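Sequence positions, counted from 1, serve as the residue numbers for this chain. Remember, predicted model here, so these are calculated numbers, not experimental data. These values consider heavy atoms only, across backbone and side chains, with no hydrogens, waters or symmetry-generated copies.
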Amino acid sequence: MMAGSDVLAPPRKVRAALLLLDESDRVLLVRFRCQRAVSLPEGNVPSGETAKTVLGQVVDASMGLVIQPRQTLLQDVVRVPGAAESYEYVLYGGRLDSSRKLVLDVNILEYLWVDEGELSNHVSPQYRSRIQVALRALKGETFVCLVDGQEEAGSMPEGLVR
């Protein structure tokens, strides 16, 4: 039997999403082919990569946009009993002209611009809350740390997403 210190912790899962707004402060949501629900443009962040790099690649490859994420708005540490913690980040990517037609690749079925008040018609309550907290962080130009969706004092881990 292995001693407690010898047990390897499961690897952490890191995902990042990109908050893009239009001129009316509507949020860009996309429906990826592999998902039922719509979400922010997002992707997994492999070890050794940064969220900014991954998100830049995701929007370039899937929507033909060249965007450099500007600011990390939110970290949500999601704890599931018996599983590794997962880290979900939301970064701000800037504003787009909503009249510009996005060129989607085969991995994205559709995109839509959604008012903050209409988010509940499109995403889960937890995901809506995450987007709303990110929007609030953007307005206050600050970083917010969540643990299982609840605000908690915390700081962004150095090097992980910058």
Are L29 and E110 side-chain neighbours, meaning at least one heavy-atom pair lies under 4.5 Å? no
Okay, side chain of Y89, backbone of V14: is any donor-acceptor separation there less than 3.5 Å? no
Would you say I67 and V30 are hydrophobically clustered, going by side-chain heavy atoms of ILVMFWY under 4.5 Å? yes
Please check: side-chain N/O of R33 versus main-chain N/O of I108, any donor-acceptor pairing under 3.5 Å? no
Indicate, with yes or no, if V59 and F32 share a hydrophobic cluster defined by side-chain heavy-atom contacts under 4.5 Å among Ile, Leu, Val, Met, Phe, Trp and Tyr. yes
Connected hydrophobic set around L109, excluding itself, where side chains approach under 4.5 Å: none
Between L18 and V38, is there a shared hydrophobic cluster once you connect ILVMFWY residues whose side-chain heavy atoms come closer than 4.5 Å? no
Let me check something: any side-chain donor-acceptor pairs from residues 100-107 under 3.5 Å, sequence neighbours excluded? List them with distances.
unit_1: D105; atom_1: OD1; unit_2: N107; atom_2: N; d: 2.8
unit_1: D105; atom_1: OD2; unit_2: N107; atom_2: ND2; d: 3.4

Is the closest side-chain heavy-atom distance between R70 and L91 below 4.5 Å? no
Which is it for L28 and M63 under the side chain to side chain contact (heavy atoms under 4.5 Å, CB included) test, yes or no, and what are the steps along the way? CA-CA 12 Å; L28 177 68; M63 293 183 281; 4.1 Å; yes
Which residues share a side chain to side chain contact (heavy atoms under 4.5 Å, CB included) with E116, sequence neighbours left out: L119, Q132, L135, K139
Begin from the C-alpha positions of V27 and L19 and carry the test side chain to side chain contact (heavy atoms under 4.5 Å, CB included) through to its verdict. CA-CA 7 Å; V27 176; L19 178 66; 3.9 Å; yes
For L21 versus W113, what's the shortest heavy-atom pair and its separation? C-CZ3, 3.6 Å
Show, in sequence, the C-alpha distance, side-chain angles and deciding distance for R15 and N44, and conclude whether the side chain to side chain contact (heavy atoms under 4.5 Å, CB included) test is met. CA-CA 4 Å; R15 290 191 55 78; N44 291 321; 2.5 Å; yes
Residue set satisfying side chain to side chain contact (heavy atoms under 4.5 Å, CB included) with S129, at least two apart, ordered chain then number -> V133
Derivation of the side chain to side chain contact (heavy atoms under 4.5 Å, CB included) call for V45 and Y87: CA-CA 10 Å; V45 181; Y87 288 79; over 6 Å; no
Kindly write out the residues that satisfy side chain to side chain contact (heavy atoms under 4.5 Å, CB included) with V147, not counting sequence neighbours, or none if the list is empty. V77, R79, E152
List in chain and number order the residues that pass side chain to side chain contact (heavy atoms under 4.5 Å, CB included) with Q68, two or more places apart in sequence or in another chain; answer none if no residue qualifies. K52
Membership question, hydrophobic clusters at under 4.5 Å side-chain separation (ILVMFWY): are V58 and L40 in the same one? no
So if I apply the side-chain contact (heavy atoms from CB on, under 4.5 Å) rule between V90 and each of V144, I131, L74, which one comes out positive? L74
